[in-house]
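Following: one structure in structure tokens, then a few remarks.
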Amino acid sequence: MPTITTRNPATGETLKTYPLMTEQEAIRKLEAAQDAFLEWRKLSHAERAPYLTKIAEKLRASADELSALMTRETGKLLKDGKREVEICAAILDYTAKHGPDVLADEERTHGTGGARGIVSYQPIGVIYSIQPWNFPLYQPVRVLAANLMAGNACVLKHASICTGSGLRLRELCIEAGLPKDLFQVVLIDHGTSDKLIAHPLVRGVTLTGSDGAGRHVGSVASKALKKTVLELGSNDAYLVLEDAEIETAVKYSVIGRLYNNGETCVSAKRFIVADKVYDAFVSAFVDQMKAVKMGDPTDEDTQLGPLSSDAQFETVKEQVDESVAKGAKALCGGKAPDRAGAFYPATVLADVAPGMPAYDDEIFGPVAAVIRAKDDEDAMRIANDSRYGLGGGIFSQDEERALRLARDHFDTGMIRINSFGAADPNMPFGGVKDSGYGREHGGFGMKEFVNVKAIYLP
């Protein structure tokens with residue numbers, strides 16, 4: 001029987017083995033979710049809200065257990081796991097509070113006489129959620145919260161390396177009172193997943209993953225005429241402009257590159273620095289990256305844990321090695337330590353140019369690419385010279401000018417000015433170009449998988 005085995009990337013320890021489901025078993029889960037949906041959709045938005053609040057309470061009460069589980073499965077810092085639990089709870093609370101208003105019927109008019117019209121946001125059924133390992137709770141919760149409020153059911157295919165986290169999330173939802181079949185977790189291979197996408201009971205598909213995975217899932221879904229929301233990672237540019245405050249820029253650049261062990265789709269990855277401040281920024285940035293403490297992710301003093309798996313370690317290593325072979329210079333890091341576990345050091349690459357993985361692709365690990373720009377205008381040009389467009393940042397002491405650049409010129413979905421952060425329940429999350437399409441959070445996610453129904457009254 002095919003199985004999934006989870007391992008601790010910090011120690012190599014085998015954690016647990018799970019049997020894969022057959023196609024028939026997965027379809028039974030889908031059918032159960034559909035049956036639960038038919039009852040759930042009868043509730044009003046206000047009646048659904050307390051379920052989300054109770055799940056949030058359950059997550060907060062289980063924060064120590066959940067963060068420890070995520071650390072064992074993915075190597076994320078224990079303190080980052082605790083923050084992740086709180087972010088999930090905040091998303092659930094936000095959705096419970098604002099969902100009834102966001103999804104309320106809208107009164108409109110139609111025709112020359114101004115007759116009455118109503119726009120109603122109605123649930124559509126089972127949403128299939130395919131999620132990655134870097135945030136084992138946050139990724140599925142942001143989909144689940146929005147769709148429970150909208151009135152849909154959810155079937156989750158989680159990344160295999162965090163299988164335990166996905167299953168425990170479902171258990172906690174049930175313990176919080178959610179109908180047991182409304183949220184399902186399926187342990188299946190990619191072939192069975194494609195069959196679920198095409199199944200008539202699946203009404204929408206959402207994926208967070210690589211742009212390659214997005215192309216595949218999007219093509220399978222489009223053949224079956226299923227709507228998709230795709231969040232596909234990025235190679236986010238952070239601009240250090242000529243008037244940047246260097247201490248602030250360095251502080252948030254280090255945080256932005258190392259957050260979640262560097263395994264974040266919306267983290268800072270390319271640092272595009274105006275020539276006037278290049279030397280000052282790079283010198284201070286390298287000093288701080290060199291000083292980063294790498295080690296046991298359960299240790300409160302640790303700043304950088306292991307990558308999520310041996311496979312992820314090999315991918316990052318190959319990307320760095322190829323970039324160096326093509327002319328990039330490692331100012332710090334760049335070579336794996338001689339120790340057990342999937343540890344890769346904080347690395348800064350300079351002289352990065354097109355044709356290198358560090359310039360063209362997403363390096364999902366603690367590797368920063370520093371690129372010199374002639375001036376501020378050149379920095380913005382280089383920032384937009386990417387097939388990706390998820391997030392980005394601008395460091396400048398002129399906030400109004402930075403705002404204009406962010407709004408009018410930065411071809412990306414989310415921009416931070418003089419700061420770094422991953423997600424906020426009240427702001428939309430998503431990108432453009434090869435970073436995908438659709439939006440989550442900020443109320444937008446609740447309307448991605450609904451029937452926007454127009455009702456005309458005489």
Side-chain angles (χ1 to χ4, degrees), residues 1-4 16 18-45 47-52 54-55 58-59 88 92 95 122-131 136-137 139-160 162-207 217 220-221 224-229 446 448-451:
M1 177 184 293
T3 59
I4 291 170
K16 194 165 182 179
Y18 306 85
L20 281 178
M21 296 175 181
T22 64
E23 181 183 342
Q24 292 72 28
E25 288 171 328
I27 288 174
R28 283 197 291 272
K29 296 282 188 183
L30 174 57
E31 291 170 341
Q34 171 68 14
D35 289 342
F37 157 71
L38 295 174
E39 293 302 313
W40 182 253
R41 68 173 301 162
K42 296 175 183 177
L43 300 182
S44 69
H45 299 116
E47 289 170 331
R48 294 171 197 148
Y51 288 89
L52 275 65
K54 289 174 183 175
I55 296 170
K58 197 71 178 177
L59 293 183
C88 291
L92 287 156
T95 308
Q122 291 297 313
I124 57 175
V126 179
I127 306 306
Y128 183 40
S129 174
I130 305 170
Q131 298 302 326
L137 282 185
Q139 302 284 10
V141 163
R142 71 184 187 186
V143 174
L144 182 65
N147 283 288
L148 289 180
M149 177 52 69
N152 295 323
C154 190
V155 173
L156 168 67
K157 179 193 180 298
H158 216 335
S160 61
C162 57
T163 295
S165 296
L167 292 171
R168 186 61 182 137
L169 172 61
R170 179 174 181 266
E171 290 173 353
L172 290 171
C173 288
I174 294 169
E175 290 174 21
L178 192 71
K180 69 180 181 68
D181 289 326
L182 196 63
F183 172 38
Q184 299 284 358
V185 178
V186 291
L187 310 185
I188 56 177
D189 60 22
H190 295 304
T192 301
S193 179
D194 286 354
K195 290 178 180 177
L196 282 195
I197 292 171
H199 195 284
L201 289 181
V202 167
R203 296 291 298 273
V205 182
T206 181
L207 164 84
V217 167
V220 174
L225 296 179
K226 306 291 177 69
K227 181 183 178 180
T228 51
V229 169
M446 292 182 241
E448 286 287 0
F449 294 108
V450 292
N451 177 7

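Not measured: the values here are computed from a predicted model.
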Let me confirm one number: the [atom1]-[atom2] distance from [X] to [Y], rounded to the nearest 0.5 Å.
X      : Y      : atom1 : atom2 : answer
Gln34  : Leu182 : CD    : CG    : 11.0 Å
Ile55  : Leu92  : CD1   : CG    : 6.0 Å
Leu43  : Arg41  : CG    : CZ    : 11.5 Å
Thr22  : Ile188 : OG1   : CD1   : 10.5 Å
Thr228 : Ile127 : OG1   : CD1   : 11.5 Å
Asp189 : Ile4   : CG    : CD1   : 9.0 Å

Got [X] and [Y] here, is their nearest side-chain heavy-atom distance under 4.5 Å?
X      : Y      : answer
Lys157 : Gln131 : no
Met21  : Lys29  : yes
Val141 : Leu169 : yes
Ser193 : Ile130 : yes
Val143 : Cys154 : yes
Glu39  : Pro179 : no
Val450 : Pro123 : no
Leu156 : Tyr128 : no

N/O donor-acceptor pair under 3.5 Å between [X] side chain and [Y] backbone:
X      : Y      : result
Asn152 : Leu148 : no
Thr163 : Ser160 : yes
Arg48  : Met149 : yes
Arg203 : Ile124 : yes
Arg170 : Lys180 : yes
Lys226 : Ile197 : yes
His158 : Ser165 : no

Next on the checklist: Assess whether a salt bridge exists between Arg28 and Glu31, defined as any Lys/Arg side-chain N lying under 4.0 Å from an Asp/Glu carboxylate O.
Outcome noted: no
Measure across [X] and [Y] and return the closest heavy-atom pair with its distance rounded to 0.1 Å.
X      : Y      : answer
Val185 : Gly166 : CG2-O, 3.7 Å
Cys88  : Leu59  : CB-CD1, 3.9 Å
Val205 : Ala221 : CG2-CB, 4.4 Å
Met1   : Pro19  : SD-CB, 3.3 Å
Val155 : Ala33  : CG2-CB, 4.0 Å
Leu20  : Glu25  : O-OE1, 4.3 Å

Item to check | Within 45° cone and under 6.0 Å: Lys227 NZ/CZ vs Phe449 ring | outcome: yes
Checklist entry - Leu30 and Val126: side-chain contact (heavy atoms from CB on, under 4.5 Å), yes or no, with the steps? => result CA-CA 8 Å; Leu30 174 57; Val126 179; 3.5 Å; yes
Checklist entry - Glu175: what forms a side chain to side chain donor-acceptor pair (under 3.5 Å) with it, not counting sequence neighbours? => result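 For Glu175 the side chain to side chain donor-acceptor pair (under 3.5 Å) partners, ignoring immediate neighbours, are Lys58, Arg168.
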Checklist entry - Taking only residues at least two apart or on different chains, which pairs with a member in residues 190-201 satisfy salt bridge (Lys or Arg N to Asp or Glu O under 4.0 Å)? => result Glu23-Lys195
Checklist entry - Given the side-chain rings of Trp40 and Phe183, with only the six-membered ring counted for Trp, is the space between their centroids under 6.0 Å? => result no
